[in-house]
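Have a look at the structure below, then the notes.
Quick caveat: nothing in here was measured; it's all calculated off a predicted structure. Counting starts at 1 for both ligands and their atoms, following the listed order. When reading the values below, keep in mind they use all heavy atoms of this one structure, side chains included, and skip hydrogens, waters and symmetry mates.
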Amino acid sequence: MLDKRNPIKIAEAISRVMKYEKKGETEYSSIYTSNGRYLADDIKATHDVPHFDRAPYDGFAVRSVDTAQASQSNEIVFEVIDHIGAGHVTNKVPAAFEAVRIMTGAQMPEGCDAVLMLELSKSFEKDGKTYMSTKRKLKTGENVSFKGEDAKTGEVLIHKGTLINPGIQAVLATFGYAQVPVAKKPAIALFATGSELLEVEDDLEPGKIRNSNALMITAQIERAGGNASYLGKLPDDFDTCFTAVENALHESDFLITTGGVSVGDFDYLPAIYEKLGAEVLFNKVAMRPGSVTTVAQLDGKLLFGLSGNPSACYVGFELFVRPIIRTFLFSKKAHLRREKAILTADFPKANPFTRFVRAILSVEDGKLVAAPSGMDKSNIVMSLAGANALMILPGGSRGYMSGDEVDVLMLEEFTGSEWPW
Ligand SMILES: Nc1nc2c(c(=O)[nH]1)N[C@H]1C(S)=C(S)[C@@H](COP(=O)(O)OP(=O)(O)OC[C@H]3O[C@@H](n4cnc5c(N)ncnc54)[C@H](O)[C@@H]3O)O[C@H]1N2
Ligand code: MOO
Ligand SMILES: [Mg+2]
C-alpha cells in the first residue's frame, strides 16, 4: 500500500524545520584564518582609535596661535626643534615660534594644535639651526587627526553573526584580536544514495552516472558557512544505508542524504526514518523542483532527505538547510536574500506548485532582471552552473510573461563587473 503524501505549503515546511534551529557555539580562531568566518560576539572598541592625536600629513606640528599674523605678505619663521616619524614621540614641548618636523601618523607633540603641510613651508638652515617659514595661517585643530575620531571606547562596531570580511579583519587587527570569537561551523554529515552512482574518477558504465550531488552539496554547505563531511555513496540497500545513517548521526550536527526519498522500490529513506524512530516533519512540499524533499528529526537533530534529482537537491538545500546553517552561525538573516526583478522570459504554462527557476540575475538600466539559466526540469544539472538566483513563480492558475515582476532569491552576491565600469 502506497503512503499518500500530502504536499504542504513551502512556508509551513520552512517553519517546521526552523522549529529545530540551534545556535552554535563560540570557538576562537586565529585572526590569520578568521576571514570568511561568522562572528560569535559583538565587536566593541576596546580603546579609542587613534589612541593619541596624530598628524595626518607630513609637515610641521605648530601652535596655531603663532600663525595668527601669517599672510601672503607676512611670512612667519619657526625654529624646528625636533624631527619625528610615525612610531616616534618627541619629549620636546615647542615654545612660541617653535615647530616639530612631523610625518604622517606620528603623535602630536604636547602643546601643538595644528599641522602645516610640508608643501606650504620653506626650510632653511642658519647658524647650525634649522628653520621653516610659512605664509599660511592655521586654525586650532587644523590638520590634526584626533584621538577617538575613528572609534570611541565601548562603541559596538560589528554585530554578532556578521560574516568576517577584509574590512572586519582590519577592525579586529586594530583592537588586537589575535584570537577572534567565531561561530563554530556546524558539522554536516553527507551521504549520496543510489546504486547507479559512480565517483568522479570512475569511467562511465551502462546505466550508471557520476555522483554530482555530493560535490554540489559539499560546495553549498561551504558557501553557507558549514563544515561538510562527505561520508561516501551508499548503494540502494536498506541495511547498508540504515547502519551508515545511524552511525553518522552521532558525529554530526545535522545529516543530509541525497536520493531515495520518493516512492520507488529502492527509495529507502522513509523506512530508515521509521526504523530510527525519527519524526518526519514533512515528505512532500508544494514546490517544484524538490517536492519530495523530506525532513525528519531525531532527538532534535535534523535529517535532511534531499531529492536525488540534482536541481531538486540544490533547491531543497537552499530553502531548508541553508537557514539552519546560518542560524547556527548566529545570523539574524538566515534565509536567502529576496529581491524583486523583471522577468525576461515567458512561462505561459500554469503550474499548481510554486516553481523555483534557476536564473541569471543581472542589472539592466539600474533594474534587476532575471532570465532562466537553462532548462527547468528537476533532473537537469547544466542550468545550475550559471544560476546566481532562484526566481519564485508562485503556483496557481496563471502563467508568467516577460515583463512581469517576480521575487528572486539571490544565491551569490559577489558578481563582478567588466572593465571599464
Ligand atoms: N511515481 C513517482 N515517481 C516519482 C515521484 C513521484 O512523486 N511519484 N517524484 C519524482 C520527483 S519530483 C523526484 S524529484 C524524484 C526524486 O527521487 P528520489 O529523491 O527518490 O531520488 P532517486 O530516486 O534516488 O534519484 C532520482 C534521480 O536522481 C539521480 N541521482 C540520484 N543521486 C544522484 C547523485 N548523487 N548525483 C547525480 N544524480 C543523482 C538518479 O540517478 C535519478 O535519476 O522522483 C521522481 N519520481
Ligand atoms: O521533487 Mo521533484 O524535485 O518535484 O522535481
Ligand atoms: Mg527515487
Side-chain angles (χ1 to χ4, degrees), residues 1-10 13 188-202 204-221 228 230-238 240-241 244-245 255-273 280 282-296 303-321 349 351-358 372 374-385 387 390 392-395:
M1 189 27 208
L2 276 179
D3 58 337
K4 174 95 180 78
R5 298 190 181 188
N6 292 317
I8 62 165
K9 290 198 167 120
I10 299 159
I188 304 166
L190 170 65
F191 288 111
T193 73
S195 295
E196 73 280 32
L197 300 178
L198 299 167
E199 285 307 7
V200 184
E201 303 77 14
D202 298 336
L204 291 179
E205 291 173 35
K208 305 219 176 204
I209 58 164
R210 291 199 186 93
N211 168 12
S212 57
N213 286 349
L215 276 297
M216 176 184 78
I217 292 292
T218 297
Q220 285 177 282
I221 290 172
Y230 172 50
L231 302 174
K233 60 186 169 69
L234 297 171
D236 291 318
D237 171 77
F238 179 84
T240 313
C241 289
V245 166
L255 184 133
I256 298 177
T257 53
T258 76
V261 283
S262 189
V263 295
D265 288 347
F266 309 106
D267 289 337
Y268 289 123
L269 265 300
I272 290 171
Y273 297 140
V280 173
F282 54 83
N283 59 13
K284 188 99 182 165
V285 188
M287 64 189 251
R288 186 127 284 158
S291 63
V292 298
T293 308
T294 300
V295 181
L303 294 92
F304 295 95
L306 302 180
S307 166
N309 267 331
S311 286
C313 185
Y314 186 98
V315 170
F317 177 93
E318 294 298 334
L319 260 54
F320 303 111
V321 189
K349 202 168 147 250
N351 202 306
F353 284 176
T354 292
R355 275 196 283 182
F356 290 89
V357 179
R358 281 134 277 159
M375 239 198 288
D376 188 50
K377 288 203 299 189
S378 66
N379 55 359
I380 295 294
V381 176
M382 304 311 144
S383 57
L384 290 167
L390 299 171
I392 309 178
L393 302 184

If you measure from each non-hydrogen atom of Val381 to ligand 1, which part falls under 4.0 Å: side chain, backbone, both or neither?
-> neither

Under 4.0 Å from any heavy atom of Ser291, which atoms of ligand 2 are there?
-> 1 (O), 2 (Mo), 3 (O), 4 (O)

So is Lys284 close enough to ligand 1, meaning a heavy atom under 4.0 angstrom away?
-> yes

Find out whether Asn351 and Leu393 are in side-chain contact, i.e. whether some heavy atom of one side chain is under 4.5 Å from a heavy atom of the other.
-> no

In this structure, CZ of Phe304 is separated from OG1 of Thr258 (nearest 0.5 Å) by 14.5 Å

Output the list of atoms in ligand 1 that are nearer than 4.0 Å to some heavy atom of Asp267, sorted by atom number.
-> 20 (O), 23 (O)

So, does Asn283 use its side chain to make a donor-acceptor pair with the main chain of Thr294 at under 3.5 Å?
-> no

Whether Ser212 lies under 4.0 Å from ligand 1, heavy atom | yes

Identify, by atom number and element, the atoms of ligand 2 in contact range of Arg288, meaning under 4.0 Å from any of its heavy atoms.
-> 4 (O)

Value for OG (Ser378) from CE (Met287), rounded to nearest 0.5 Å, stands at 10.5 Å

Assess whether atom OH of Tyr230 is packed by more than 12 heavy atoms of other residues, nucleotides or ligands within 6.0 Å.
-> yes

Would you confirm whether Ser307, through its side chain, and Asn309, through its main-chain N or O, come within 3.5 Å as a donor-acceptor pair?
-> yes

Taking N or O atoms only and a 3.5 Å limit, does Val261 qualify as a polar contact for ligand 1?
-> yes

Pick from Gly290, Ser262, Gly308: the one approaching atom 3 (O) of ligand 2 most closely through a non-hydrogen atom = Gly290

Just jot down the ligand 2 atoms closer than 4.0 angstrom to any heavy atom of Ala312, in number order.
-> 3 (O)

Who gets closest to atom 10 (C) of ligand 1 by heavy atom: Ser307, Gly305, Ala214, Ser262?
-> Ser262

Taking atom 5 (O) of ligand 2 as the reference point, the nearest protein heavy atom with its distance | Ser378 OG, 2.7 Å

Taken to the nearest 0.5 Å, the spacing of Glu196 CD from Lys233 NZ works out to 10.0 Å

May I ask you to check whether Ser291 has an N/O atom sitting below 3.5 Å from an N/O atom of ligand 1?
-> no

Roughly how far apart are Phe282 CZ and Asn6 CG, rounded to 0.5 Å?
-> 14.0 Å

Contact atoms of ligand 1, heavy-atom distance to Asn211 under 4.0 Å | 34 (C), 35 (N), 36 (N)

N or O contact, Gly260 vs ligand 1, cut-off under 3.5 Å = yes

Could an N or O of ligand 1 be found under 3.5 Å from any N or O of Glu196, whether backbone or side chain?
-> yes

For Val263, counting its heavy atoms only, list the atoms of ligand 1 lying under 4.0 Å from any of them.
-> 1 (N), 2 (C), 8 (N)

Ligand 1 and Ile209, any nitrogen or oxygen pair closer than 3.5 angstrom?
-> no

The reported gap from CD1 in Ile392 to OG1 in Thr354 (rounded to nearest 0.5 angstrom) is 8.0 Å

